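Keep in mind the model is a prediction, meaning the values are calculated, not measured.
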Amino acid sequence: MAPELPLLTMSGITKSFPGVRALDGVDLDVQAGEVHCLLGQNGAGKSTLIKVLAGAHQPDDGTIRWRGEPVTLRSPIAAMRLGIATIYQELDLVEGLSVAENVHLGHEPTAAGFVVRGKAARESTAALLGRLGHPEIDPARLVGDLSAAQQQIVSMARALSHDVRLIVMDEPSAALDPDEVDNLFRIVGDLTAAGVAVVYISHRLEEIRRIGDRVTVLKDGRAVAGGLPAKTTPTREVVALMTGRNVEYVFPDRPPQPSGTPPGEPILQVRGLAREGEFEPLDLSVHPGEIVGLAGLVGSGRSEILETVYGARKPTAGQVLVDGRPLKPGSVRAAVRAGLGLAPEERKAQALLMLESVTRNVSVSSMSRFSRGGWIDRGAELGAARAATRELSLRPDNPSVPVRTLSGGNQQKAVLARWLLRGCRVLLLDEPTRGVDVGARAELYAVVRRLADEGLAVLLVSSEVPEVLGLADRVLVLREGRVVHRAPARELDEHRVLDLVMEGSPVS
């Protein structure tokens, strides 16, 4: 019996942009009903490859076969008509339209040649949402009012509103909590059981193990491995293929602290800090040279705590002190003047000026240093930005380039460089490696540890428990806005922390 033809075969795909060869002869084949995972560092070519598959980019060379027949994907509409849907990490939904309008955008239901609006579209959308396990989402509700997880479900419903045979999912779990990830994987399982193929892109290797069938690894625009078994290929081998070196989930060594707390006075103190409905009264301290981690699920209050310490939210009780002096509640200006700096969870929306240069992004919190009589000394600004970015090994070594052209890891370094230039003494990190590849993560971990070793106090929030345990010196475990456990990181493991965040009771 002849072997079944792949659903999709991409052979020798090449794509160049001015000065960059993004894809250099990439091969990829995907079988019906499988989850084929695509791995690679930022800049490896993943985004370009899926845009070729989606019809958004035209390859310079190479062939694409669909069910064995050569095809040309001249546009996203052509790809969708063939049965290929792409759900990008940055969801392309229209927030001012309803769920039903987004699901049927561009192919509204028709009858007798006329577009049918209203009831028919809502009923069709409700059926799709029920298929995805989310009948509670109202088809008439505005997409802008939905959570990130609900918006992702709407994107999937839109894909399924077509006769889709292959779905590309780009970092679909990045903004999801564990329960939402479980639901995502259930949906993927239902799709593949029905014969739909999934190309799944993620930086989280544990997800690849759990959901993937096969793996293709990209590096520098080339497929360095194709069709590896997802569940049995050793992590060391996968990471070595991605990075060209043997890098694992590597964390720098901690300085010895037998007592669990460094000697001396803390830089940052939080006393009885609370926000009604978000988190209960909290006490914590961070010493010079120390990294304190907050571990908890989405909704545990961890990010809200960080933003309240920074002054972006006003507390309903308690106070924040730096060097023993209380800060004005709810004042970012007071926090920054006292030496606090925040790298927020959504760096593109909340921290970076995406259309500006790296230089301006680094200098924006220190402009008084370069402004004289209403004029900016651009030479001094550029020189200071270059010094700060070189200290963090930001690439490319050209602070004049737009920050939007940088990889996720280097964008995060630009945010850190801003606070270095400002003379920050307390660094608040919220999901510092979200959307950052494995190799760049190791670099960021080393940067944060070095900054702490040089005397900064670091307060870290991360949804990835291994990250908190590997980077922090001490850990506070949060559940539903309460601290349920405190311990040196070396006394905890991932299973213990997960038990605490799921079922823990408050510490006495």
#### Entry: For T233, side chain to side chain contact (heavy atoms under 4.5 Å, CB included) partners two or more places apart
L228, P229, E237, V238

### Task
Using the side chain to side chain contact (heavy atoms under 4.5 Å, CB included) rule, pick out the option among I291, V458, L420 that qualifies with L451.
L420

### Task
Please answer whether the main-chain N or O of L394 pairs with a side-chain N or O of N410 as donor and acceptor at a distance below 3.5 Å.
no

### Pairs flagged by salt bridge (Lys or Arg N to Asp or Glu O under 4.0 Å) wherever residues 132-150 is involved - sequence neighbours left out
none

### Query
Pairs in or reaching into residues 58-81: which pass ring-ring contact (aromatic ring centres under 6.0 Å, His included), with residues at least two apart or in two chains?
none

Do any side-chain atoms of residues 74-85 form donor-acceptor pairs under 3.5 angstrom with protein atoms, and if so which ones, sequence neighbours left out?
from : atom 1 : to  : atom 2 : distance (Å)
S75  : OG     : I77 : N      : 3.4
S75  : OG     : A78 : N      : 3.1

Output side-chain donor-acceptor pairs under 3.5 Å for residues 185-195, partner residues at least two apart or in another chain, one line each.
from : atom 1 : to   : atom 2 : distance (Å)
R186 : NE     : N183 : OD1    : 3.2
R186 : NH1    : D190 : OD2    : 2.9
R186 : NH2    : L132 : O      : 2.8
R186 : NH2    : N183 : OD1    : 3.0
T192 : OG1    : V188 : O      : 3.1
T192 : OG1    : G189 : O      : 3.1

### Message
By the definition side chain to side chain contact (heavy atoms under 4.5 Å, CB included), identify the one residue from L406, N361, V364, V358 that meets it with L352.
### Response
N361

#### Entry: Flag if over 12 foreign heavy atoms under 6.0 Å of CZ, R214
yes

### Message
So, using salt bridge (charged side-chain N to carboxylate O under 4.0 Å, His left out) as the criterion, who are the partners of D163 when residues are at least two apart?
### Response
none

### Message
Strictly below 4.0 Å, N to O, side chains only: are R158 and E101 in salt-bridge contact?
### Response
no

### Query
Just wondering, more than 12 heavy atoms not from R313 lying within 6.0 Å of its CZ?
yes

### Query
Any chance CZ of R404 has more than 12 other-residue heavy atoms, nucleotides or ligands included, within less than 6.0 Å?
no

